[in-house]
Amino acid sequence: MLDRKFILQNAQLVAENSAKRGVSVDVDAICRLEAERMDALKQAEELNRQANEVSKQIKSAKDNDERQELIAKGRSLREQKDAAGAAQDRLEAEILELQTILPNMTHPDVPEGGEHDANEIGRGKTPVPEMDFQPLDHLQLGEKHDLFDFEGGARVAGSGFYFLRNAAVRLDLALQQFAISHLAGKGFTPVSTPDLALTSVLQGTGFNPRGPETQIYSIENTELNLVATAEIPLGGMLSGQILASEELPLRFCGLSHCFRTEAGAAGRASKGLYRVHQFTKVEMFAFTLPDQSTAMHEEMRELECEIFDALEVPYRVIDTATGDLGGPAYRKYDLEAWMPGRGESGDWGEVTSTSNCTDYQARRLNVRSKSNTQKGTDFVHTLNGTAIATGRAMIAILENHQRADGTINVPQILRPWVGCDVLECE
RNA sequence: GGAGCGGUGGCUGAGUGGUCGAAAGCGCCGGUUUGCUAAAUCGGUGAACCGGGAAACUGGUUCCGCAGGUUCGAAUCCUGUCCGCUCCGCCA
C-alpha cells in the first residue's frame, strides 16, 4: 500500500505509474474522497472535544438543574460526533479500497512494457549445454527413472498434484538442505513457516485471497488460507512490531510449501512440474532500513546466482519490466534457467525471482523501525527472493545434466544429500 | 473438543466508572558523583492522526487484544470475538 500523503502530493505521478504497470485506478477520486474524509474527521474531533469539556463540567455542577442541562448537552454533542464519525468511517473504507489497488512505485531503471521488454542483465557461469543427442524433457526422464507420479497425484487431489518418487524425493530434500545451509552461512536465520495464514496477512503482503482470479486456496468458514509462498508468513511474522533500527537488517530463509490455484493459467505453456498446485520452496526474506534495501536486493540476486551456479545450471538474469512486476514490487529480478526440454528446442523458464517491495508491504503489515537517537518510527523495507523452488530447480537439473545414455549427473554440491553421483537408469 | 483463568506502555505488573496515557519496577536516554568501569543518585523516557512554529517545541483527537453496547463520561460495567495460559480428553 502506498502512503496516502504521498498519493495526495503526487497524484499525477501515481496515476502515471499505475498506468505504466497496467493498473487502472481513479487517483483523483482518492484525492477528492480524502478531502471529504478530513473534513468529517475534523468535525468529529471538534465535537468530541466539546463533549469532553461538557463531561468535565458535570462533576462540579451547582445543582441538579444545571446538571441535567449539561447531561443533555453532552448527549447531543456525542450524537453529532457519532454521525460525523460514521461519515468518516464510510469514506475511509472507500478510500482504502482504492488505495490498496494502487501498485508500488517503480524503480527508474525498470524497463517499460510487458514480458518481452525485460532487460537481460547477466548470465550464469554454467554455459548452455551443447548436446549431440536429442535431449529428453523432465517428464520423459522422470519416466525413465521412476521419479514422478502425476496420475496418482490426480487421483488423490486432482490434476496439478503429484507424487515425487525415489531419487526425486532425495533431490527435493537435497535442494532444501543445500539452500538452507548456504543461506544459514550467509547470515540468514532458517525458519520453517506455517503453511496457512490469515487473510489479513495475505492482504498485508499484497495478495488478494478473493475474487475469480485469485491464486489462493482458502479454507472455508475460516480466515485461513494456504500460503502461496513463504513470503506471506515471513512478512506477517513481525506484523505490528516496532524493530530496533540497530538490529536491522533482519535476514530469514523460510521453508514452506506453496499452494497455488493457477486460476486462469489453463493453456499457458506448462507441463509436468513447471506449473503445479503445490511445491516446496526455500525463500529469502529481509526487513531492512529504507536506505539498506537497494543493497539487500543486490545481495539476494547475488545469492540466487551463487545457488544456481553451484547447481551447475545455466541461467540468465532478467530485470523485469513494469507490466510484469506485480503490485508490491518496486523492482524485481528473475533468474530464468535454461530448460533443454522446454518448447521445441529448449527455452528459458523462470526459476527464481527477487523483489524489493520497499515500504509497500510494511505499511499494510505495520512493521516499523525505531532507534534511540531518532524521534518517531519509520516503516521498514521488505524484500523477498526465491532461494530454491524445488520443482522448477529439479526440472533444470534433470534436463541440463542428462547424458546421451539417459543417465543423469547429480550436481557436485548435492551429492552428499542425494547419496550418489549419477542417477542410473532403471 | 470440555472446564477455568487471563490479555494494560520496550518488558514485568498495579489499577474504586470521572482527578488515568495510566502506579511501581526493569530496560533505555541524559545529568551528577566516584581516577575508568561498576555502583549510587537525580531527571527524562510510547504510538498514530490533525493543526501552529524555521526549529526546539506546542494545542487538539485517538489508542489499555479486537469489535460492538450501556453512560454526559469506560482500562474499569455488559455482549460478541480472537489470542494466550493451566487442567482434562484426544492425538503425530
Side-chain angles (χ1 to χ4, degrees), chain A residues 1-9 30-96 99-100 192-204 209 218-225 233 236-248 250 257 287 289-290 359 361-380:
Chain A
M1 185 166 68
L2 290 179
D3 177 53
R4 195 166 299 176
K5 268 188 220 159
F6 178 85
I7 297 169
L8 297 181
Q9 286 161 9
I30 296 180
C31 299
R32 203 171 54 242
L33 291 167
E34 175 65 7
E36 285 178 40
R37 188 189 73 85
M38 263 315 164
D39 281 349
L41 181 67
K42 281 183 188 169
Q43 208 181 336
E45 284 192 353
E46 175 56 21
L47 288 163
N48 197 224
R49 193 189 60 74
Q50 291 175 20
N52 285 341
E53 221 163 80
V54 170
S55 286
K56 276 183 203 154
Q57 290 165 16
I58 288 175
K59 268 203 316 179
S60 50
K62 285 199 292 285
D63 52 48
N64 197 44
D65 279 358
E66 190 184 270
R67 195 180 163 79
Q68 290 311 318
E69 201 179 307
L70 286 170
I71 285 177
K73 193 174 168 195
R75 183 183 289 134
S76 148
L77 281 168
R78 296 277 176 196
E79 275 164 11
Q80 293 175 59
K81 178 212 109 184
D82 287 345
Q88 198 276 147
D89 289 348
R90 264 199 316 280
L91 289 161
E92 172 63 21
E94 227 176 304
I95 295 163
L96 201 59
Q99 190 180 356
T100 49
S192 78
T193 74
D195 284 339
L196 282 84
L198 294 168
T199 299
S200 60
V201 173
L202 268 75
Q203 288 169 339
S218 297
I219 310 291
E220 210 173 353
N221 299 325
T222 73
E223 288 295 310
L224 288 170
N225 311 269
M237 185 168 63
L238 296 176
S239 64
Q241 306 298 300
I242 297 175
L243 312 174
S245 300
E246 295 74 21
E247 285 167 21
L248 297 178
L250 295 176
H257 295 117
F287 299 89
L289 293 174
D359 59 5
Q361 294 176 320
R363 184 168 295 108
R364 195 85 193 274
L365 290 167
N366 192 25
V367 186
R368 291 171 291 166
S369 66
K370 180 174 173 57
S371 80
N372 285 331
T373 57
Q374 149 208 18
K375 216 181 137 185
T377 56
D378 289 319
F379 287 112
V380 301

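Heavy atoms only: backbone and side chains are in, while hydrogens, waters and symmetry mates are out. Quick note on labels: first sequence line is chain A, next is B, and so on, each numbered from 1.
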Practice problem: Only counting residues at least two apart or in another chain, list the ones meeting side-chain hydrogen bond (donor to acceptor under 3.5 Å, both in side chains) with A:Asp359. | Solution: A:Arg363

Exercise. Please list, chain by chain and in numerical order, all residues satisfying side-chain hydrogen bond (donor to acceptor under 3.5 Å, both in side chains) with A:Ser200, sequence neighbours excluded.
Key: none

Give me, pair by pair, the N or O atoms of the protein and of nucleotides 48-55 of chain B that are less than 3.5 Å apart, along with how far apart they are.
| from | atom 1 | to | atom 2 | distance (Å) |
| --- | --- | --- | --- | --- |
| B:A48 | OP1 | A:Thr377 | OG1 | 2.9 |

Could you list, one pair per line, each protein nitrogen or oxygen that sits under 3.5 Å from a nitrogen or oxygen of nucleotides 72-77 of chain B, together with the distance?
| from | atom 1 | to | atom 2 | distance (Å) |
| --- | --- | --- | --- | --- |
| B:C72 | OP1 | A:Arg75 | NH2 | 2.5 |
| B:C72 | OP2 | A:Arg75 | NE | 3.2 |
| B:C72 | OP2 | A:Arg75 | NH2 | 3.0 |
| B:C72 | O4' | A:Ile71 | O | 3.3 |
| B:C72 | O2' | A:Ser55 | OG | 3.2 |
| B:G73 | O4' | A:Ser55 | OG | 3.3 |

Quiz item: Under 4.0 Å: is that the gap between some side-chain N or O of A:Asn48 and OP1 or OP2 of B:G60?
Solution: no

Exercise. Sticking with atom P, work out how far B:C64 lies from B:A23, rounded to a whole angstrom.
Key: 16 Å

Self-check item: With A:Ser218 via side-chain hydrogen bond (donor to acceptor under 3.5 Å, both in side chains) - residues at least two apart
Solution: A:Asn225

Self-check item: side-chain N/O A:Lys370 vs B:A47 OP1/OP2, d < 4.0 Å
Solution: yes

Quiz prompt | Proximity to RNA chain B (any heavy atom under 4.0 Å), residues of residues 80-94 of chain A only | solution = none

Quiz prompt | Partners meeting salt bridge (charged side-chain N to carboxylate O under 4.0 Å, His left out) with A:Glu94 (sequence neighbours left out) | solution = none

Quiz item: Quick one: salt bridge (charged side-chain N to carboxylate O under 4.0 Å, His left out) partners of A:Asp195, sequence neighbours excluded?
Solution: none

Practice problem: Would you please name every residue forming a side-chain hydrogen bond (donor to acceptor under 3.5 Å, both in side chains) with A:Glu36, sequence neighbours left out? | Solution: none

Exercise. Using the P atoms only, state how far B:U37 lies from B:U32, rounded to an integer number of Å.
Key: 12 Å

Self-check item: salt bridge (charged side-chain N to carboxylate O under 4.0 Å, His left out): pairs with one or both residues in residues 41-58 of chain A, sequence neighbours excluded
Solution: A:Glu46-A:Arg49, A:Arg49-A:Glu53

Quiz prompt | Partner residues of A:Ile242 under the side-chain contact (heavy atoms from CB on, under 4.5 Å) criterion, sequence neighbours left out | solution = A:Arg368, A:Lys370, A:Thr377

Exercise. For RNA chain B, list all stems, counting runs of three or more consecutive pairs where every pair is Watson-Crick or G-U wobble with both distances under 3.5 Å.
Key: B:1-7 with B:82-88, B:10-12 with B:24-26, B:27-32 with B:40-45, B:46-52 with B:57-63, B:65-69 with B:77-81

Self-check item: Residue of the set A:Leu47, A:Asn48, A:Val54 for which side-chain contact (heavy atoms from CB on, under 4.5 Å) holds with A:Arg78
Solution: A:Asn48

